[in-house]
Enquirer: 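This is the structure I want to talk about, given as structure tokens.
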Amino acid sequence: MEAHRSNAIALCEWFRANARELPWRELPSPYHVWISEIMLQQTRVEAVKPYYMRFMERLPDVQALANCPESVYLKLWEGLGYYSRVRNLHAAAEQIMEQFDGRLPASKEELLQLKGIGSYTAGAIASIAFGLPEPAVDGNVLRVLMRLMDCKWDIAAASTKKQVETLLADWLTLDGIRPGELNQALMELGALVCVPNGAPHCADCPWQASCRSCQNQTWDQIPVKTPKRPRRIEEKTVFVIQNQDGVFFHKRASKGLLAGLYEFPNVEGFCTQEEALEAVKSFGLRPIRIRPITDAKHIFTHIEWHMKGYAVMVELGEAGTDLLYVDVEQAQREFSIPSAFRAYKQYIGVEVEK
DNA sequence: AAGGCGGGGTA
DNA sequence: TACCCAGCCTT
């Protein structure tokens, strides 16, 4: 246990000297920590920064978030990915207003009752915002500790995470340890020194002398992780349908992939120009002109979209189906459109040549 | 335990 | 190209 203590102390000293200045570290209130931790799930620090700043400006507290309409919070999340995060964030804000008098609860057990908060996030909020000795085990922490112990357990296994949580629970109650600091230090070490891609910067590591993986030169074998299965490919035809006044969009279903976001009307499979015209007619619209536009590919974690595009000019009038007809400004302002359709946004407002 | 769920950086 | 990122939820 004494070896653990000296490791923990050395890591915290390293952290105090090397911690990055991050927006959510300026004033780590429970709300600030909560929002930042949700945004940081499976998402890099640099990607989160501008979203975090804008989110805090627009929704500075739990009440503002609880009262926020879906279109606004989805727009604030547009492009960040994993959109159920912000849906759960909003639901949890309502939960906090109703059950906890507008303040985040100060226990891991209660935090776990909130939508979108699992073991890691509950531990992060409990330790960083409330100073409680709760572990916060993410991918960084698993990698760092597996290397420290030269341990080849599968980090994709739930049992591995449990073991690490149990180990850290002891570290966090050691004399002179600030739980929030140690948890952040473990993650910071993983982000800056014991990096996931390429060789770790062992010369800069506060654990260099005690790290088994460094001694045994096994860093490239650790962590062990079961591979995920290959992506499936889906072919789609995407339509940028316009008339003189506006453009047509479709709101996706409230569950599943890209839930609740807006998309260009599209159909399964690759359409010829003739088939494309038929598809547009099936939307309840009368095409005037059509031309092929760019192909595009978008890679999700588990799916690959291969897209073929057509720009279509249609007669004035609403669609007979569930398409929404809006002017460009309204679309920009109110519609959250996923990055998958980035290649087609440039055709909005562009004349369709014969 | 396994699969669904985004998007982008990096080697 | 493949892997990973301050993971969570559903089945």
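A quick note: this is a predicted structure, and the numbers were derived from the prediction, not measured. Proteins get letters first, then strands, A, B, ... in listed order; numbering begins at 1 in each.
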Enquirer: Starting at CH2 of A/W77 and ending at P of B/dG8, how long is that distance when rounded to a whole Å?
Expert: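 These atoms are roughly 15 Å apart.
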Enquirer: Remember a base hit wins even if backbone is also touched, and classify A/G79 as base, sugar-phosphate or nothing at under 4.0 Å, heavy atoms.
Expert: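 Counting heavy atoms under 4.0 Å across all strands, the contact made by A/G79 is with sugar-phosphate only.
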Enquirer: Answer yes when A/E235 and A/K308 have at least one side-chain N-carboxylate O distance shorter than 4.0 Å, and no when they do not.
Expert: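 Here A/E235 does not pair with A/K308 in a salt bridge, since their nearest N and O are not under 4.0 Å apart.
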Enquirer: Under a 4.0 Å heavy-atom cut-off, which of residues 41-60 of chain A touch DNA chain C?
Expert: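 Residues of residues 41-60 of chain A that come under 4.0 Å of DNA chain C are, in numerical order, A/Q41, A/Q42, A/R44, A/V45.
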Enquirer: According to the interplanar angle, ranging from 0 to 90°, do the rings of A/F300 and A/H298 count as parallel (below 30°), tilted (30 to 60°) or perpendicular (above 60°)?
Expert: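 The rings of A/F300 and A/H298 stand perpendicular, inter-plane angle above 60°.
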Enquirer: How do A/S159 and A/L261 order along DNA chain B: which one's closest nucleotide is nearer the 5' end?
Expert: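 Between the two, 5'-proximity favours A/S159.
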Enquirer: Near DNA chain B, which residues from residues 123-151 of chain A have a heavy atom under 4.0 Å away?
Expert: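 Heavy-atom contacts with DNA chain B come from no residue of residues 123-151 of chain A; none.
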Enquirer: Under 4.0 Å, heavy atom to any atom of DNA chain C: which of residues 25-37 of chain A qualify?
Expert: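 Result for residues 25-37 of chain A: A/R25, A/E37, sorted by number.
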Enquirer: Does the ring center of A/W24 lie less than 6.0 Å from the ring center of A/Y31?
Expert: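 Ring-ring flag for A/W24/A/Y31: false, centres at least 6.0 Å apart.
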Enquirer: Residues of residues 294-309 of chain A with any non-hydrogen atom less than 4.0 angstrom from an atom of DNA chain B: list those, numerically ordered, please.
Expert: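 Residues of residues 294-309 of chain A under 4.0 Å from DNA chain B: A/H298, A/F300, A/T301, A/H302.
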Enquirer: How long is the line joining CZ of A/R231 and C1' of B/dG6, in whole Å?
Expert: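 From A/R231 CZ to B/dG6 C1': 12 Å.
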Enquirer: A/L80 CG to B/dC5 P: how many Å, rounded?
Expert: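 Rounded to whole Å, this separation is 17 Å.
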Enquirer: Go through DNA chain C in 5' to 3' direction and return only the first and the last nucleotide with some atom under 4.0 Å of chain A's heavy atoms.
Expert: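 Range of nucleotides touched by chain A: C/dC4 to C/dC9.
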Enquirer: Please work out which residues in residues 330-347 of chain A have a non-hydrogen atom less than 4.0 Å from an atom of DNA chain B and list them by number.
Expert: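 Here the set is A/P338, A/S339, A/A340, A/R342.
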Enquirer: Does A/K75 come within less than 4.0 Å of A/E70, counting only side-chain N to carboxylate O?
Expert: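 No, no charged N to carboxylate O under 4.0 Å.
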Enquirer: Figure out the CG/P separation between A/N88 and B/dG4, and round it to whole Å.
Expert: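 It is 19 Å, rounded to the nearest whole Å.
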